[in-house]
Amino acid sequence: MFKRLDEILIEIPNVEKPDPNAAAAVQELLGGKFGEMSTLNNYLYQSFNFRSKEKLKPFYDLVMSITAEELGHVELVSHGINHCLRGSTEYKEPDQTPLGSVKDARLSYHFLAGAQGAIPFDSMGNPWTGANVFNSGNLVEDLLHNFFLECGARTHKMKVYEMTDHPAAREVVGFLLVRGGVHVVAYAKAIEIATGVNVTKLIPIPSLDNKAFNEARKYEEKGVHTKLYTYSDKDFNAIGQIWKGTHPEDGQPLEVIQGIPQGFPIPEAPAVEEEFAPGISHEDFKEIARRLKMAGNITD
């Protein structure tokens, strides 16, 4: 089961720079074939269906812990998209066409089906599908699939990084380049332990070097690329049998951390009155507060 905190993995810059088309590009990293919805659900169902988990505990623990981190990545990308969309429109009377400024946005679904928020779609507006989930039940085949899935995800992140200079998008993508690189290395190590084959030498794609990306480089300088978290207070510590030794890029020692990384508060999302969100007026809010006080027997 999962434990949830009112936090996200990193602090996202809160800038007044609406860019709906940047948000559309980042959607690929959420609902695309190689997006976070895919990595999450691939590992989630592999963990649900894992065979002989006691005999193969280090591999089971690895998939379980990375699954939990991917939940946080889905959350983080969604908030990055929201930051790119924030301020795209402003309140006007309906006859003044308050949403007219975004009618030519590449992905108008952000404005038609929601209130300028992330959706589980790719960059072209196609809904994420469970057909993207691969779970053969064969450990080596699944690990190899996961390795290539993370490689594909990394390539997509690099391309989205090159598409936009939006500070929120760059911050999120830079962090995910580093953490995705961790998962590439982790699955490569798991395959090597299971088969004796070093897949990073057999198929050296993509380069794990993040020095070309400013927003990624600063996380590597903090050692974020060397740490793998269990995302559990006491379980899944057998990943230390896989995540050990040194990082293939810079030779830094790898470290397993029991628990979760330091988080940051989830930012407040302002009302978008022209999108009828949240649809609660000042008078409504006061009435809701009154009813809550009555239900809780709270007196002024």
Side-chain angles (χ1 to χ4, degrees), residues 8-40 66 69-70 72-86 88 105-107 110 117-126 128 147-187 200 204-227 247-250 261 264 267:
I8 52 177
L9 288 164
I10 62 171
E11 190 171 16
I12 303 174
N14 189 18
V15 297
E16 292 298 326
K17 186 183 177 182
D19 190 341
N21 288 335
V26 180
Q27 278 287 161
E28 189 66 27
L29 306 184
L30 179 62
K33 183 176 181 179
F34 294 95
E36 302 297 342
M37 290 285 293
S38 287
T39 51
L40 166 63
I66 293 179
E69 181 171 356
E70 294 295 350
H73 289 183
V74 169
E75 180 179 48
L76 183 63
V77 173
S78 297
H79 283 287
I81 292 167
N82 295 349
H83 276 65
C84 292
L85 290 168
R86 186 169 299 170
S88 297
R106 193 165 64 77
L107 191 55
H110 283 140
I119 45 179
F121 286 36
D122 67 13
S123 60
M124 298 304 292
N126 301 306
W128 185 84
F147 173 77
F148 281 110
L149 178 61
E150 291 286 355
C151 288
R154 176 173 174 78
T155 304
H156 280 63
K157 291 182 182 80
M158 292 190 292
K159 291 176 180 177
V160 171
Y161 188 100
E162 293 180 339
M163 281 184 178
T164 176
D165 62 355
H166 192 286
R170 282 264 174 109
E171 190 73 27
V172 169
V173 177
F175 174 78
L176 292 175
L177 279 169
V178 176
R179 292 308 299 170
V182 169
H183 298 168
V184 171
V185 174
Y187 283 126
T200 60
I205 58 165
S207 170
L208 297 177
D209 188 359
N210 290 313
K211 293 179 176 59
F213 307 94
N214 284 334
E215 281 78 3
R217 186 168 59 246
K218 65 184 182 184
Y219 287 109
E220 288 205 341
E221 290 172 354
K222 297 177 182 178
V224 173
H225 64 303
T226 65
K227 297 174 175 60
H247 195 280
E249 286 289 319
D250 59 12
F264 295 84

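The first residue of the sequence shown is numbered 1, and numbering continues consecutively from there.
Nearest approach of Gly223 to Thr226, heavy atoms of both residues: O-OG1, 2.7 Å. In plain terms, the two heavy atoms of Tyr161 and Asn214 that are nearest each other are OH-N, 3.2 Å. Across all their heavy atoms, Gly180 and Glu150 have their closest contact at O-OE1, 3.9 Å. Residues Met37 and Pro120 come closest through the heavy atom pair CE-CB, 4.1 Å. Here the closest non-hydrogen pair linking Cys151 and Val184 is N-CG2, 4.1 Å. Closest approach of Ala23 and Cys84 over heavy atoms only: CB-CB, 3.8 Å.
Side-chain atoms of His110 and Pro20, non-hydrogen and from C-beta on, never get closer than 4.5 Å to each other. Between Phe213 and Val178, every side-chain heavy-atom pair lies at or beyond the 4.5 Å cut-off. Side-chain contact between Val224 and Pro261 is absent, with no heavy-atom pair separated by less than 4.5 Å. With a 4.5 Å cut-off on side-chain heavy atoms, Leu176 and Tyr219 do not count as touching. Using a 4.5 Å heavy-atom threshold, the side chains of Val172 and Val26 count as separate. Side-chain contact between Gln27 and Leu107: present, with at least one pair of heavy atoms (C-beta onward) separated by less than 4.5 Å.
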Item to check | Leu76/Ile12 under side-chain contact (heavy atoms from CB on, under 4.5 Å): CA gap, chis, key distance, verdict | outcome: CA-CA 9 Å; Leu76 183 63; Ile12 303 174; 3.9 Å; yes

side-chain contact (heavy atoms from CB on, under 4.5 Å) between Lys33 and Asp122: does it pass, once the steps are laid out?
CA-CA 8 Å; Lys33 183 176 181 179; Asp122 67 13; over 6 Å; no

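Here the straight-line distance linking atom NE2 of His79 with atom NE2 of His83 works out to 8.5 Å at 0.5 Å rounding. One finds the CD1 atom of Ile81 at 12.0 Å from the CZ atom of Phe121 (value rounded to the nearest 0.5 Å). Interatomic distance, Glu249 CD to Lys211 NZ, rounded to the nearest 0.5 Å: 6.5 Å. Atom CZ of Arg170 is separated from atom CD of Glu215 by 6.0 Å, given to the nearest 0.5 angstrom. Atom CD1 of Ile10 is separated from atom CD of Glu171 by 5.0 Å, given to the nearest 0.5 angstrom. Atoms CD1 and CZ, on Ile66 and Arg179 in that order, are 9.0 Å from each other to the nearest 0.5 Å.
Between the Asn82 side chain and the Ala118 main chain, a donor and an acceptor come within less than 3.5 Å of each other. Glu11 places no side-chain N or O within 3.5 Å of a backbone atom of Phe264 that could act as its donor or acceptor partner. At distances below 3.5 Å, at least one donor-acceptor pair connects side-chain atoms of Arg154 with backbone N or O atoms of Leu177. For the pair Ser38 (side chain) and Gly32 (backbone), a donor-acceptor distance under 3.5 Å is present. Under a 3.5 Å cut-off, the side chain of Arg86 and the backbone N or O of Asn14 do not form any donor-acceptor pair.
Judged purely by distance below 3.5 Å, without hydrogens or angles, the side chains of Glu70 and His183 pair a donor atom with an acceptor atom. No hydrogens or angles considered: a donor-acceptor pair under 3.5 Å links the side chains of His73 and Glu69.
Listed by chain and residue number, nothing satisfies the salt bridge (Lys or Arg N to Asp or Glu O under 4.0 Å) test with Asp250 (two or more places apart in sequence, or in another chain). Under the rule for a salt bridge (Lys or Arg N to Asp or Glu O under 4.0 Å), the partners of Glu36 that lie at least two apart in sequence or sit in another chain are Lys157. Checked against side chain to side chain contact (heavy atoms under 4.5 Å, CB included), Asp19 has the following partners two or more places apart in sequence or in another chain: Asn21, Ala22, Thr164, His166.
More than 12 heavy atoms of other residues, nucleotides or ligands lie within 6.0 Å of NZ in Lys218, so this atom counts as buried by the packing criterion.
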